[in-house]
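Position 1 is the first residue of the sequence, and the numbers go up from there.
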Amino acid sequence: MKDYHINLFWSEEDGCWVADIPDLKRCSAIGATPAQAVQEIEIAKKVWLAAARKHRRPIPEPRYRPAIYQVAR
């Protein structure tokens with residue numbers, strides 16, 4: 001199974017690193033370093049998926065890939 005894509009970027013406005021998972025609506029996390037933001041988003045992903053299962057919400061397949069990573073067909 002493919003895993004979910006993580007976007008990672010510096011937020012000048014917030015003064016921290018932000019990680020989000022586009023396939024999982026509103027799943028994001030922050031950290032003082034890129035590694036910390038990724039560590040936090042992995043926790044957020046587990047919590048997001050557990051909540052979706054608990055409430056019997058649909059869990060989207062990992063589909064999002066930035067254009068630079070997509071293979072032309």
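If you take CG on Leu24 and NE2 on His5, they are separated by 12.0 Å, rounding to the nearest 0.5 Å. Between the OG1 atom in Thr33 and the CD atom in Gln39 there is a gap of 8.5 Å [rounded to 0.5 Å]. With rounding to the nearest 0.5 angstrom, the CD1 atom of Ile41 is 6.0 Å from the OG atom of Ser28.
Between the Asp23 side chain and the Arg63 main chain, a donor and an acceptor come within less than 3.5 Å of each other. A donor-acceptor distance shorter than 3.5 angstrom exists from the side chain of Gln36 to the backbone of Ala32, with no hydrogens or angles considered.
Of all the heavy atoms in Cys16 and Gly31, the pair that sits closest is CB-O, 3.5 Å. When all heavy atoms are compared, the tightest approach of Ala37 to Ala19 is O-CB, 3.7 Å.
Legend: ring-ring contact (aromatic ring centres under 6.0 Å, His included) pairs involving residues 21-46, not counting sequence neighbours: none detected. Residues in residues 16-63 take part in these ring-ring contact (aromatic ring centres under 6.0 Å, His included) pairs, two or more places apart or across chains: Trp10-Trp17.
Under a 4.5 Å side-chain heavy-atom cut-off, the cluster of Ile, Leu, Val, Met, Phe, Trp and Tyr residues that includes Phe9 is completed by Val18, Ile30.
Residues Ile21 and Val38 do not share a hydrophobic cluster, clusters being chains of Ile/Leu/Val/Met/Phe/Trp/Tyr side chains in contact below 4.5 Å.
Salt-bridge check for Lys45 with Asp3: passed, with a basic side-chain N closer than 4.0 Å to an acidic carboxylate O.
Side-chain contact between Asp20 and Ile6 is absent, with no heavy atoms from C-beta onward closer than 4.5 Å.
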